[in-house]
Structures are given as structure tokens and as C-alpha cells.
Amino acid sequence: MIYAEAVCLTSMLLIGIFSAYTDFSWGTIPNKLILIGLAIGVLCHITLLVLGVAPFYVQWLLCMLIADMFAFGLFWGRLWAAGDAKLFMILFFLVPPRLFDKGDFSNGIIPYIFIFIPALVWILGDSVLRIIRKEPRKKISFNFTSWLMNCLRTIIEVTTMHSLFIMLFPSFVESNAMLSFAIMMAYAYICGSVSAMRHKLTVVLHVLALITIWIIMKWNITVPDFKGYLVLVFVMFIQYIAGLYNYQLIQTSDATKGMIPAMETVLLFQTSRINHLPVDCSEQLTAKMTTEQAEAVKKWGISAKGKSTIWIVRKVPFAFMISFGFITWMLFKLLR
């Protein structure tokens with residue numbers, strides 16, 4: 001039993017390290033690596049089931065379902081690439097079930113804490129370092145009043161959702177505080193990123209719903225812990241700081257496969273007659289350049305209408321963050 005669990009943890013370590021390396025080097029996570037992890041995990045879990053670990057699997061499966069749903073949400077929201085989401089799922093699949101406490105669903109959320117706290121530190125540190133170096137950046141206007149109003153709108157909408165959860169599922173919220181907090185943060189992201197959620201009518205509907213809920217609950221007003229609001233405002237502030245360097249200016253001759261050209265760069269390509277230049281100006285993961293497109297960009301750079309530098313979307317190495325988060329989480333569980 002111990003040997004099977006050791007194989008799971010060792011495989012997690014090796015797959016995490018190699019995925020981080022390939023993501024840094026080529027911007028991709030090989031599917032073969034995910035399949036190897038899946039095969040090893042299946043063999044280990046079959047062995048554990050035969051050895052009598054079956055009672056631990058219900059809790060393990062439920063936590064994995066919760067964690068994978070959030071991973072899919074991050075992929076659907078285009079915060080993670082498909083490879084990042086698959087890496088998260090396979091690393092969670094390799095977690096030995098005996099490490100999970102019965103009735104505790106926080107294990108479906110805790111790995112995200114170990115992933116995103118270092119990620120926020122990385123992004124903030126990297127952005128501050130670029131500011132100190134005075135690296136070129138695209139001008140981004142900052143309106144404090146607009147930012148503050150966006151924070152207030154998000155807080156109102158999150159409070160409404162929290163009150164609805166308290167009214168409908170009071171015992172669940174009380175016994176699963178961490179999972180409830182994660183759901184609220186996910187809703188806060190939706191409120192801040194979906195334009196329809198920022199519309200005045202949407203905010204008014206949330207206020208009316210909030211008042212209705214409080215009336216039904218006989219004005220037994222419940223709001224999220226103030227620390228949750230502080231976390232929300234802090235994350236939105238970090239998002240602004242990181243946004244200063246969402247783009248990176250590079251030499252056109254350095255264009256490579258996997259880079260995502262900025263919208264203004266793609267628009268410059270439209271006047272060129274060079275074939276195979278990037279045409280996707282969405283700045284999303286679907287706009288990653290292929291080898292053929294990268295070579296076309298280099299040709300464009302030395303053409304009459306070309307430029308020596310282009311803007312690309314700065315990439316956060318999430319494979320490293322995910323791997324580091326899981327390894328740290330496992331060490332925390334094993335050494336506590």
C-alpha cells in the first residue's frame with residue numbers, strides 16, 4: 001500500500017517538474033506526459049483498491065470532482081490553457097486517497113491556494129521588477145473612481161450570492177467555509193470579467209434580490225467575512241498592477257511558436273502580402289502562433305512595411321505554478 005502511494009507521489013513530482021520544463025521551454029505540456037500519468041495513476045489506484053483503501057475513495061472522488069470543475073472553469077474562462085487544466089487534473093488524480101479526511105471537502109479547494117498565492121507573488125514581483133527596470137509598456141489609463149465603482153459593484157453582487165447560499169444551504173455554508181469562499185471568489189471573477197454583470201440593470205437586480213432575501217430571512221443580515229472583501233479588493237489591485245505589463249515588446253526576429261501577438265500587432269499584419277501571418281486578434285490562447293506563422297512574422301519584420309519590434313501577450317508559466325502548488329501541498333500534508 002505504501003509503495004503504491006509512493007509511486008503516485010513520485011510520479012506527481014516527476015510529471016510536475018517535466019511539465020514545468022516543457023512549458024518554460026516550448027510553451028506546451030505534452031499530451032504523452034498526461035497519458036503516462038493517467039496510466040500510472042490507474043495502476044496505482046487499482047492496487048490500492050485491492051489492498052483495502054476503498055473506504056477512502058468516496059471522499060477522494062468528491063474532492064476531485066470539485067477541484068476538476070474549478071479547473072474546467074479556469075479553462076473555460078481562458079485563464080488556463082487546456083494543457084494547464086489537464087495537468088491539474090492528472091496531478092490531483094495522483095494524490096493518494098488516504099491523505100483526505102472524511103467529510104472535509106476543503107481538499108477540493110486547498111490546492112488552488114497553494115497555486116494562486118505563489119502565482120500572485122510571482123506576478124506582482126515580476127511587474128514591480130519591470131517597473132524598476134523601466135521596461136517599455138503599453139500605456140494603460142487608470143481611473144480610480146471607475147476602479148472603485150467596479151469593486152463596489154462586485155461586492156454587492158457577491159454579497160447577494162452569499163446571502164442566497166446562506167438562505168438555501170445554511171448548514172453546507174457553515175460546514176464548508178473554504179469551499180463556499182472559493183465559489184464566491186469564482187462568482188466575483190465572473191462579475192468582474194463579464195460585461196453584462198457590470199451593467200446598471202444587473203446591479204439593480206442584485207440589490208433587489210438582496211433586499212428580498214433579507215426580508216425573507218426577517219432582516220437577519222448575513223454578509224461574507226470582511227477578510228473575504230479585503231482579499232477580493234487586494235486581488236483586483238494585483239490584477240491592475242499586473243495589467244501594466246500584460247504585454248511585452250520583443251524583437252520581431254525573436255518571434256517563436258507559442259507566442260500570442262497583441263491585437264495591434266495582428267492589425268499591422270493585415271496590410272502585408274506575406275502569407276501565413278497571424279490573423280487571430282483575440283489575444284486568447286487560440287491565437288498562439290504556429291511555427292509557420294512565426295517564420296512569416298520574421299519575414300514581415302524585414303519587409304518594407306514591417307517593424308523591428310512587436311507587442312506580444314505576456315505569458316504566466318502556470319505549469320510551474322500548478323506543479324509547485326501540488327508539491328508544496330503534498331509536503332504540507334505529509335509533514336504536518
Out of curiosity, Leu74 CG to Asp84 CG, how far, rounded to the nearest 0.5 Å?
9.5 Å
Fellow cluster residues of Ile36, listed by chain then number, with links counted only when side-chain atoms sit under 4.5 Å apart:
Val7, Ile40
Is the distance from the ring center of Phe318 to that of Phe116 below 6.0 Å?
yes
Rounded to the nearest 0.5 angstrom, the CG-NZ distance for Asp280 and Lys288 is 12.5 Å
Scanning both residues in full, the closest heavy-atom pair of Leu48 with Ala4 reads CD2-CB, 3.9 Å
Other residues, nucleotides and ligands only: do more than 12 of their heavy atoms fall within 6.0 Å of NZ on Lys333?
yes
Qualifying residues under side chain to side chain donor-acceptor pair (under 3.5 Å), relative to His199, sequence neighbours excluded
none
For Gln293, enumerate each residue passing the side chain to side chain donor-acceptor pair (under 3.5 Å) test, keeping only those at least two apart in sequence or located in another chain.
none
Shortest non-hydrogen contact from Ile29 toward Ser19:
CG2-OG, 3.8 Å
Tightest non-hydrogen contact, residues Gly37 and Ile15, listed as CA-CD1, 3.3 Å
Plane angle bin for Trp122 and Phe320 - parallel if under 30°, tilted between 30 and 60°, otherwise perpendicular
tilted
Could you check whether any side-chain heavy atom of Met149 comes within less than 4.5 Å of a side-chain heavy atom of Leu152, counting everything from C-beta outward?
yes
Glu157 and Val203 have their tightest heavy-atom pair at OE2-CG2, 3.8 Å
Sequence neighbours excluded, which residues qualify as side-chain contact (heavy atoms from CB on, under 4.5 Å) partners of Leu9?
Met12, Pro96, Met330, Leu334
Joint hydrophobic cluster, Leu51 plus Leu61, side-chain heavy atoms closer than 4.5 Å:
yes
Taken in chain and number order and not counting sequence neighbours, the residues that satisfy side-chain contact (heavy atoms from CB on, under 4.5 Å) with Asp68 are Met64, Phe88, Met89
Check residues 265-275 and write down every donor-acceptor pair under 3.5 Å in which the side-chain atom is one partner and the other belongs to a residue at least two apart or another chain.
from   : atom 1 : to     : atom 2 : distance (Å)
Thr265 : OG1    : Trp311 : N      : 3.3
Thr265 : OG1    : Trp311 : O      : 3.0
Thr271 : OG1    : Leu268 : O      : 3.2
Ser272 : OG     : Ile274 : N      : 3.1

To the nearest 0.5 Å, atom CD1 of Ile156 lies from atom CE of Met161 at 14.5 Å
So, does Trp60 use its side chain to make a donor-acceptor pair with the main chain of Val95 at under 3.5 Å?
yes
Side-chain heavy atoms under 4.5 Å apart, restricted to Ile/Leu/Val/Met/Phe/Trp/Tyr: what other residues fall into the cluster of Met69, or is it alone?
Leu65
Ring pair (Phe, Tyr, Trp, His ring centres under 6.0 Å) with Phe332: which residues, sequence neighbours excluded?
Phe114
When you group the ILVMFWY residues by side-chain heavy-atom contacts below 4.5 Å and let the links chain together, are Trp300 and Ile302 in the same group?
no
Report whether Leu168 and Ile216 are members of the same hydrophobic cluster (ILVMFWY, side-chain heavy atoms less than 4.5 Å apart, transitive linking).
yes
Can you name the side chain to side chain donor-acceptor pair (under 3.5 Å) partners of Lys86, sequence neighbours left out?
Asn31
Any idea which heavy atoms bring Pro278 and Val297 closest together, and the distance?
CD-CG2, 3.6 Å
Is it true that Val53 and Val58 fall in one hydrophobic cluster, defined by side-chain heavy atoms closer than 4.5 Å?
yes
Partners of Glu295 by side chain to side chain donor-acceptor pair (under 3.5 Å), sequence neighbours excluded?
none
Only one of Ile115, Leu87, Ile17, Thr328 passes side chain to side chain contact (heavy atoms under 4.5 Å, CB included) with Ser323, and that residue is Leu87
Rounded to the nearest 0.5 Å, what's the gap from OH on Tyr3 to OG1 on Thr47? Could you check?
14.0 Å
When rounded to the nearest 0.5 Å, the distance separating OG of Ser106 from CD1 of Ile113 is 8.0 Å
Contacts of Val42 meeting side-chain contact (heavy atoms from CB on, under 4.5 Å) (sequence neighbours excluded), chain-then-number -> Leu38, Ile46, Phe93
Can you label the angle between the Tyr57 ring and the His45 ring as parallel, tilted or perpendicular, going by 30° and 60°?
perpendicular
Quick one: do Ser303 and Lys299 satisfy side chain to side chain contact (heavy atoms under 4.5 Å, CB included)? Show the steps, please.
CA-CA 6 Å; Ser303 67; Lys299 289 181 182 179; over 6 Å; no
Leu249, Val313: one ILVMFWY side-chain cluster at the under-4.5 Å cut-off?
yes
Is the shortest side-chain heavy-atom distance between Trp329 and Asn107 below 4.5 Å?
yes
Quick one: list whatever passes side-chain contact (heavy atoms from CB on, under 4.5 Å) with Asp23, sequence neighbours left out.
Lys315, Pro317, Ala319
Looking only at non-hydrogen atoms, find the nearest pair between Phe92 and Pro111 and report the distance.
CE1-CG, 3.9 Å
Thr252 side-chain N/O to Thr309 backbone N/O, donor-acceptor pair under 3.5 Å:
yes
If I take atom CG from residue Leu205 and atom OG1 from residue Thr212, how far apart are they, to the nearest 0.5 angstrom?
10.5 Å
